[in-house]
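Let me begin by presenting the structure, written as structure tokens, before commenting on it.
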Amino acid sequence: MLTRYFGIALVRDVAGAEMCGTLKNIVALAAGMVDGLGLGANTKASIIRKGLDEMRRFSRALYPEISDGTFLESCGMADLIATCYGGRNRLVALEYTRAFQAGHPVTFAALEDSLLNGQKLQGVLTSNEVQEIIEIRKWEKEFPLFTTVHAIVNGTISPSNITHFMTKGSLPKAKAAHAATVAGAKKRGPVDLTFTVDELAEYATADPSASMLGLIQQIKSTETPAKHAE
């Protein structure tokens, strides 16, 4: 479908499109933190570039069938850029960072209520779900930006650490009770890595994070996984 002002491109890579729609929210949190710190365009571009790289590698670690080209489609790079400049996750992370830097910290749950007019903040829940996989598979050093965002939204480190993610190594883990209080997140646990791409399509909904929830059902009982895909 193509008109003077609107066009649609079909992507057959259902799993890739779903993962892009889910993981972009974590990167948008990082972009919002950069904006909240008052840093410039180069820093934000670096965060977005690294975020896209981790999105691609994390997705292919779970589903090797996913096409790299999907991340250059509208559902990938374009949606990521739009979210990092004008999305709700970026907005809430920006205000969270400003409040933290001003010495008046506020929870993500409170900001969701005051800023989003009934919409839901997906980034924090997605970050917690993704990090569950990363920690079980000991991929923290493979996905330092995702790991750093998770530590920040759970109150383990300050937002100012977002630009130092490559030097953090293994970050301290937030205590469960404290994490829920700081992030305002509900535990949505356990990620099944045994689905095929066709089976994942059954989980496609208007809420991209629902697919990640579908992924989190059996991972704790799976055998030791193979090294992630490059």
Nearest-0.5 Å distance, CG of residue L94 to CG of residue L37 | 9.0 Å
Spell out, yes or no, whether V11 and F71 are grouped together once hydrophobic residues are joined by side-chain heavy atoms under 4.5 Å, including indirect joins.
-> no
Is the closest side-chain heavy-atom distance between E140 and Q131 below 4.5 Å?
-> yes
Just list the side-chain donor-acceptor pairs under 3.5 Å for residues 44-52, sequence neighbours left out, or say none.
unit_1, atom_1, unit_2, atom_2, d
K44, NZ, D35, OD2, 2.8
K44, NZ, C84, O, 2.9

State, yes or no, whether a side-chain contact exists between E112 and V92 at a heavy-atom distance under 4.5 Å.
-> no
State the OG-CD distance between S59 and E54, to the nearest 0.5 angstrom.
-> 11.0 Å
Could you pull out the closest heavy-atom pair between A31 and R90, with the gap in Å?
-> C-CG, 4.5 Å
Rounded to the nearest 0.5 Å, the OG1 atom of T126 sits from the NE2 atom of H150 at a distance of 11.5 Å
For the residue pair P144 and F165, what are the closest heavy atoms and their distance?
-> CB-O, 3.5 Å
Is there a side-chain contact between C20 and L80, using heavy atoms and a 4.5 Å cut-off?
-> no
Could you state the interatomic distance from CG (L62) to CZ (R137), rounded to the nearest 0.5 Å?
-> 7.0 Å
Can you name the closest pair of heavy atoms from D79 and C75 and give their distance?
-> CB-O, 3.7 Å
Exactly one candidate in V34, T97, N89, I162 meets side chain to side chain contact (heavy atoms under 4.5 Å, CB included) with L29; the answer is N89
Nearest non-hydrogen partners of V153 and S127, listed with the distance = CG2-OG, 4.2 Å
If you measure from CG on L111 to CZ on R88, what distance do you get to the nearest 0.5 Å?
-> 14.5 Å
Partner residues of I81 under the side chain to side chain contact (heavy atoms under 4.5 Å, CB included) criterion, sequence neighbours left out | M77, Y85
Are D68 and R60 side-chain neighbours, meaning at least one heavy-atom pair lies under 4.5 Å?
-> yes
Is there side-chain contact between E129 and T22, with heavy atoms separated by less than 4.5 Å?
-> no
Could you tell me the separation between the OG1 atom of T147 and the NZ atom of K141, rounded to the nearest 0.5 Å?
-> 11.0 Å
Apply the side chain to side chain contact (heavy atoms under 4.5 Å, CB included) test between M55 and each candidate in I26, L145, V27; give the one that qualifies.
-> V27
Examine distances only and state if a side-chain atom of N128 and a backbone atom of L125 form a donor-acceptor pair shorter than 3.5 Å.
-> no
Where does the angle between the aromatic ring planes of F146 and F143 fall among parallel (under 30°), tilted (30 to 60°) and perpendicular (over 60°)?
-> parallel
May I ask you to test the I134-F58 pair for a side-chain heavy-atom distance under 4.5 Å?
-> yes
